[in-house]
Number of protein chains: 2
Amino acid sequence: MLTDDLRFKALKHVQDNPQLTQRELAGLLGVSLGRTNYCLQALIEKGLLKAANFRNSKNKRAYMYKLTPSGLREKTALAVRFIKRKELERQALLGEIAELQRELEQQPAEEKA
Amino acid sequence: MLTDDLRFKALKHVQDNPQLTQRELAGLLGVSLGRTNYCLQALIEKGLLKAANFRNSKNKRAYMYKLTPSGLREKTALAVRFIKRKELERQALLGEIAELQRELEQQPAEEKA
DNA sequence: ACCCTTCCGTTCACTCATTGAACAAACGCC
DNA sequence: GGCGTTTGTTCAATGAGTGAACGGAAGGGT
């Protein structure tokens, strides 16, 4: 489904290490090989990544996935959105925790089975 | 799939308002009617909920879903687990935010297209 | 040069959770 | 009793996700 989260992590890992294979990346992303492949192709089609031949000029199987300038901008934009979203999540989380603790105190112990 | 999260929310909402219909509960849970039904039946089978006839003693379609004592204990236990899990999530989130901000500062602006 | 192994990206048939339209039961109302 | 409404229940269809299998290409050994 190519969520924002997956997109961001993919861009980030590729930037950190362009020589990652799809299998390695799949491991880092925590998704399957098939989905990783689909994700990379989508990013390439959008122009956010470019697949360069790794060693020489011939058709080779091992690629280097490099961020394009537009890919770098996209990653930065995603990061900004993430900070905002994560902050909101954190707020919600704190609220939930407070509510849970309130509930726990209301029902101190139900000893009997 | 009946995740912990769904279980907890279901128990919570049912406790707050036992007269909820499955459709209303589905709306609160953010999942489909079918899944809500599946979830409720699973909770009933586990003895965490009991479906009481709403008004009179005859077979009626509208139920009241009440927490059993064991359901109350389960909900409390889930709450405890949630507090721990959510705290960990919060820590991870803070870490991520810090990392994202570091990245943003590293790449102040890519103006050119 | 040749073969064989290994590693890569790519594909696609399968699985399985999820959905929501359709159905049946049971009520209130007239 | 009849009708419309509301409820729980079912299940065919959908769609995302998986990972085994494939073919291409490099490397190593002889």
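Lettering follows sequence order; numbering is per chain, from 1.
- Between the CG atom of A:Leu49 and the P atom of C:dG9 there is a distance of 13 Å, rounded to whole Å.
- In this structure, the salt bridge (charged side-chain N to carboxylate O under 4.0 Å, His left out) partners of B:Arg7, at least two apart in sequence or on a different chain, are B:Asp4, B:Glu74.
- Positionally, the nearest nucleotide of DNA chain D for A:Met1 lies more toward the 5' end than for the other of A:Met1 and A:Arg23.
- Counting heavy atoms from C-beta outward, A:His13 and A:Tyr65 have side chains that stay 4.5 Å or more apart.
- Residue A:Leu20 contributes atom CG, which lies 14 Å from atom C1' of C:dG9 at whole-angstrom precision.
- Taking all atoms of both residues into account, the shortest heavy-atom contact from B:Leu48 to B:Ser70 is CD2-OG, 3.2 Å.
- Remark: P of D:dG8 and CE of B:Met64 are 13 Å apart, rounded to the nearest angstrom.
- Atom CD in A:Gln22 sits about 10 Å away from atom P in C:dT11, given to the nearest Å.
- Legend: residues meeting salt bridge (charged side-chain N to carboxylate O under 4.0 Å, His left out) with B:Glu24, ordered by chain and number and at least two apart, are absent.
- When each of B:Glu24 and A:Leu2 is assigned the nucleotide of DNA chain D with its nearest heavy atom, B:Glu24 is the one assigned upstream, toward the 5' end.
- When the P atom of D:dA26 is taken as reference, atom OH of A:Tyr63 falls 11 Å away, rounded to whole Å.
- Remark: C1' of C:dT10 and OH of A:Tyr38 are 15 Å apart, rounded to the nearest angstrom.
- The two residues B:Arg35 and B:Leu2 come nearest to each other via the heavy atoms NH2-N, 3.9 Å.
- Contact check on A:Glu87 versus A:Arg90 returns a salt bridge, with a Lys/Arg side-chain nitrogen under 4.0 Å from an Asp/Glu carboxylate oxygen.
- If you take CG of B:Asn37 and C1' of C:dC23, they are 13 Å apart, rounded to a whole angstrom.
- Taking every heavy atom of residues 26-35 of chain A and every atom of DNA chain C, pairs under 4.0 Å involve A:Leu33, by number.
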